[in-house]
Amino acid sequence: MNRLQESFYTRDVLDVAPDLLGKKLCIRSEDEIYSYYISEVEAYRGEEDKACHASKGRTPRTEVMYRKGGLIYIYLIYGMHWMFNIVCAEKDFPQAVLIRGLQELNGPGRITKKLKIDSSYNGESLVNSDRIWLENGNKPDKIFTSPRIGIEYAGEPWLSLNWRFFI
DNA sequence: TCAATGATTTTG
DNA sequence: AAAATCATTGAT
């Protein structure tokens, strides 16, 4: 067992996001353990980031992002897809990483469908949970960056920031 | 290129 | 109470 500890998550989201690439996402389902390498992520950082849900302030939905790093933030988009996010930074700093892709499994909505992740995981801790956690994996050879996807509504400068990281 | 589909947020 | 929003996907 090689589980990542809380100190990994409580750093700034811009440090955590690229470090997540190549890590293993492990999930227990019916007493079988499956693991997938993370290949694509995006950083969402604070209330001033117009693309981040926390930019509108603390609401029942975004409350979990204001808590300590290492928790899971789940929410439904377009009425049909669960998005899987990892909360970062210390308490009261709303930051999260959206997991957009796993090795041989691209698309944030397809991940949660395949792994059977739903709202019951919201607020769960990757440090303590017995059904989902992260382990050290392969260090990626090279990391690419680009602007984030699907946030046209946020406007500049957020639209141009290279806060998407992928292998 | 666009319909499906629903929790959350705002009053467009 | 009603309407708009939306970090997507898959089919046409």
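Residue numbers start from 1 in every chain, and the chains themselves are labelled A, B, ... in the order their sequence lines are given, proteins ahead of strands.
The shortest side-chain heavy-atom distance between A/Phe166 and A/Val41 does not fall under the 4.5 Å cut-off. At least one side-chain heavy atom of A/His53 sits under 4.5 Å from a side-chain heavy atom of A/Tyr75.
Between B/dT8 and C/dG10, the two C1' atoms lie 25 Å apart (nearest whole Å). Between B/dT10 and C/dT8, the distance separating the two C1' atoms is 23 Å to the nearest Å. With both ends at atom C1', the span from C/dC6 to B/dG12 equals 14 Å, rounded to whole Å.
Using a 4.0 Å cut-off between charged nitrogen and carboxylate oxygen, A/Glu40 and A/Arg164 count as a salt-bridge pair. Salt bridge present: A/Arg100 and A/Glu42 bring a charged side-chain N and a carboxylate O closer than 4.0 Å. Comment: A/Asp92 engages A/Arg58 in a salt bridge, judged by a side-chain N to carboxylate O separation of less than 4.0 angstrom. Ionic pairing of A/Lys113 and A/Asp118 is not present here: no N-O contact between side-chain nitrogen and carboxylate oxygen is shorter than 4.0 angstrom.
Following rounding to the nearest Å, A/Ile77 (CD1) and C/dC6 (P) show an atom-to-atom distance of 8 Å. A/Tyr78 places its OH atom 16 Å from the P atom of B/dG6, with the value rounded to the nearest Å. Atom pair A/Asn122:CG and B/dA7:C1' shows a separation of 12 Å (rounding to whole Å applied). If you take CD of A/Glu40 and C1' of C/dT8, they are 13 Å apart, rounded to a whole angstrom. Put simply, CD on A/Glu152 is 11 Å from P on C/dC6, counting in whole angstrom units.
Nearest heavy atom pair, residue A/Gly69 against residue A/Thr10, reads N-CG2, 4.2 Å.
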Pairing string of DNA chain B (Watson-Crick or G-U wobble, both atom distances under 3.5 Å; | = paired to other strand) is ||||.||||||.
Criterion side chain to side chain contact (heavy atoms under 4.5 Å, CB included) on A/Met65 and A/Cys52, from CA distance to verdict: CA-CA 10 Å; A/Met65 274 204 282; A/Cys52 180; 4.1 Å; yes
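Under the 6.0 Å distance and 45° angle rule, A/Arg28 does not count as a cation-pi partner of A/Tyr34.
Contacts between residues 81-119 of chain A and DNA chain B, defined by a heavy-atom separation under 4.0 Å, are absent. Across residues 50-68 of chain A, A/Lys56, A/Thr59, A/Pro60, A/Arg61 each have a non-hydrogen atom less than 4.0 Å from an atom of DNA chain B (numbered order).
Under the 3.5 Å distance criterion, with hydrogens and angles disregarded, no donor-acceptor pair is assigned to the side chains of A/Ser55 and A/Glu47. Using modelled atom types and a 3.5 Å distance limit, the side chains of A/Ser160 and A/Glu156 yield a donor-acceptor pair.
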